[in-house]
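If you read the sequence from its start, that first residue is 1, and numbering goes on from there. It should be emphasised that the depicted structure is a prediction, and the values quoted were computed from it without experimental measurement. Atoms considered below: every heavy atom in the structure, side chains included; atoms not considered: hydrogens, waters and symmetry mates.
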Amino acid sequence: VQLQASGGGLVQPGGSLRLSCAASGVTFNLYTVGWFRQAPGKEREFVLVNSWAGGITLFADSVKGRFTIQRDNAKNTVDLQMNSLKPEDTAVYYCAVTRRRFSTGVSPTGNEFNYWGQGTLVTVSS
């Protein structure tokens, strides 16, 4: 299984960026997909997770209303659309998959995920 995250770059505050996660060896529509991030000197943190088979999407409070997830089953990709970006969104972003499904009120740690992409750097700065 390989996950490849791409689309990172430099963006000004208030701007938008779209990250993409492509998979080989796994069919995304049979997996829960999560996005996590790690800022310099900080712990990895949960961004959002979308459970498979029509499950719910959970968002970190810090990105609620600004970030969305979109699956493309034909391309076997999952995109993270990030709008109204802030300097505090600067981090390396990772996609990951698991067969587990999540319920409301849960904040995934990342330990629940089996496969991870290599990360793509997002820098929000003027």
Student: In Å and rounded to the nearest 0.5 Å, what is the CZ to CG distance from Phe67 to Leu48?
Tutor: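 It is 8.5 Å, given to the nearest 0.5 Å.
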
Student: Quick one: does any side-chain atom of Ser84 pair with a main-chain N or O of Gly14 as donor and acceptor, under 3.5 Å?
Tutor: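 Checking the backbone N and O of Gly14 against the side chain of Ser84, no donor-acceptor pair under 3.5 Å is found.
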
Student: Describe, in one word, how the ring planes of Tyr94 and Trp116 are oriented to each other, choosing from parallel (under 30°), tilted (30 to 60°) and perpendicular (over 60°).
Tutor: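 Rings of Tyr94 and Trp116: perpendicular, as their planes differ by over 60°.
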
Student: Side-chain heavy atoms under 4.5 angstrom apart, residues restricted to Ile, Leu, Val, Met, Phe, Trp, Tyr: same cluster for Trp35 and Val92?
Tutor: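 Different clusters: Trp35 never reaches Val92 through Ile, Leu, Val, Met, Phe, Trp or Tyr contacts under 4.5 Å.
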
Student: Do Thr32 and Arg100 have side-chain heavy atoms sitting under 4.5 Å apart?
Tutor: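 No, side chains not in contact.
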
Student: Please check: side-chain N/O of Thr90 versus main-chain N/O of Val124, any donor-acceptor pairing under 3.5 Å?
Tutor: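 Flag set: sc Thr90 to bb Val124 pair under 3.5 Å.
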
Student: So, taking the atom named CZ in Phe59 and the one named CZ in Arg66, what distance separates them when rounded to the nearest 0.5 Å?
Tutor: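 Phe59 atom CZ to Arg66 atom CZ measures 11.5 Å (nearest 0.5 Å).
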
Student: Which atom pair, heavy atoms only, marks the closest approach of Arg99 to Trp52?
Tutor: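 For Arg99 and Trp52, the tightest heavy-atom pair comes out as O-NE1, 2.9 Å.
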
Student: Same cluster for Val47 and Val49 if Ile/Leu/Val/Met/Phe/Trp/Tyr side chains link at under 4.5 Å?
Tutor: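 Unlinked, Val47 and Val49 end up in two clusters.
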
Student: Determine the minimum heavy-atom distance between Ser62 and Arg37, stating which atoms define it.
Tutor: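 Smallest interatomic distance, heavy atoms only, reads OG-NH2, 3.4 Å.
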
Student: Between the main-chain N or O of Ala5 and the side-chain N or O of Gln118, is there a donor-acceptor pair closer than 3.5 Å?
Tutor: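 Checked: pair present.
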
Student: Rounded to the nearest 0.5 Å, how far does CZ of Phe28 lie from CG of Asn76?
Tutor: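 These two atoms lie 6.0 Å from each other.
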
Student: Atom CZ of Phe46 and atom CD of Glu112: how far apart are they, to the nearest 0.5 Å?
Tutor: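 Spacing of CZ (Phe46) from CD (Glu112) equals 9.5 Å.
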
Student: By the definition side-chain contact (heavy atoms from CB on, under 4.5 Å), identify the one residue from Val63, Leu19, Thr68 that meets it with Met82.
Tutor: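 Among Val63, Leu19, Thr68, the one that satisfies the side-chain contact (heavy atoms from CB on, under 4.5 Å) with Met82 is Leu19.
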
Student: Do the side chain of Arg44 and the main chain of Thr109 share a donor and acceptor less than 3.5 angstrom apart?
Tutor: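 Looks like yes, one N/O pair under 3.5 Å.
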
Student: Linking I/L/V/M/F/W/Y whenever their side-chain heavy atoms sit closer than 4.5 Å, directly or via other members, would Leu121 and Leu80 fall into one cluster?
Tutor: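 Cluster IDs for Leu121 and Leu80 differ.
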
Student: Could you see if Tyr93 belongs to whatever hydrophobic cluster contains Ile69? Use Ile, Leu, Val, Met, Phe, Trp, Tyr and a side-chain cutoff under 4.5 Å.
Tutor: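 Same cluster.
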
Student: Have Gln81 and Asn83 got a donor and an acceptor in their side chains that come within less than 3.5 Å?
Tutor: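 The answer is yes; a qualifying pair exists.
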
Student: Under the criterion side-chain contact (heavy atoms from CB on, under 4.5 Å), I'd like the reasoning laid out for Asn50 against Val78: C-alpha separation, chi angles, the key distance, then a yes or no.
Tutor: CA-CA 10 Å; Asn50 175 246; Val78 176; over 6 Å; no

Student: Checking Thr120 side chain against Gly8 main chain: does a donor-acceptor pair fall under 3.5 Å?
Tutor: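 Present.
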
Student: Can you confirm whether more than 12 heavy atoms, excluding those of Glu43, are under 6.0 Å from its CD atom?
Tutor: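 Not buried by this count: 12 neighbours or fewer within 6.0 Å.
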
Student: Distance check, rounded to the nearest 0.5 Å: Cys21 atom SG versus Asp79 atom CG?
Tutor: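 CG of Asp79 is found 9.0 Å from SG of Cys21.
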
Student: Are Ile56 and Val106 linked, directly or through intermediate hydrophobic residues, by side-chain heavy-atom contacts shorter than 4.5 Å (ILVMFWY only)?
Tutor: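 Yes: a chain of side-chain contacts under 4.5 Å links Val106 to Ile56.
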
Student: Should the ring pair Phe102 and Phe113 be called parallel, tilted or perpendicular, given that the plane angle runs from 0 to 90° and is split at 30 and 60?
Tutor: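 Geometry flag for Phe113 against Phe102: parallel rings.
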
Student: Can Lys86 and Asp89 be counted as an ion pair, charged N to O under 4.0 angstrom?
Tutor: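 No, no charged N to carboxylate O under 4.0 Å.
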
Student: Is it true that a side-chain atom of Ser20 and a backbone atom of Ser6 form a donor plus acceptor pair closer than 3.5 Å?
Tutor: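 No.
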
Student: Between OG1 of Thr123 and CG of Leu10, what distance do you get to the nearest 0.5 Å?
Tutor: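 The OG1 atom of Thr123 sits 6.0 Å away from the CG atom of Leu10.
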
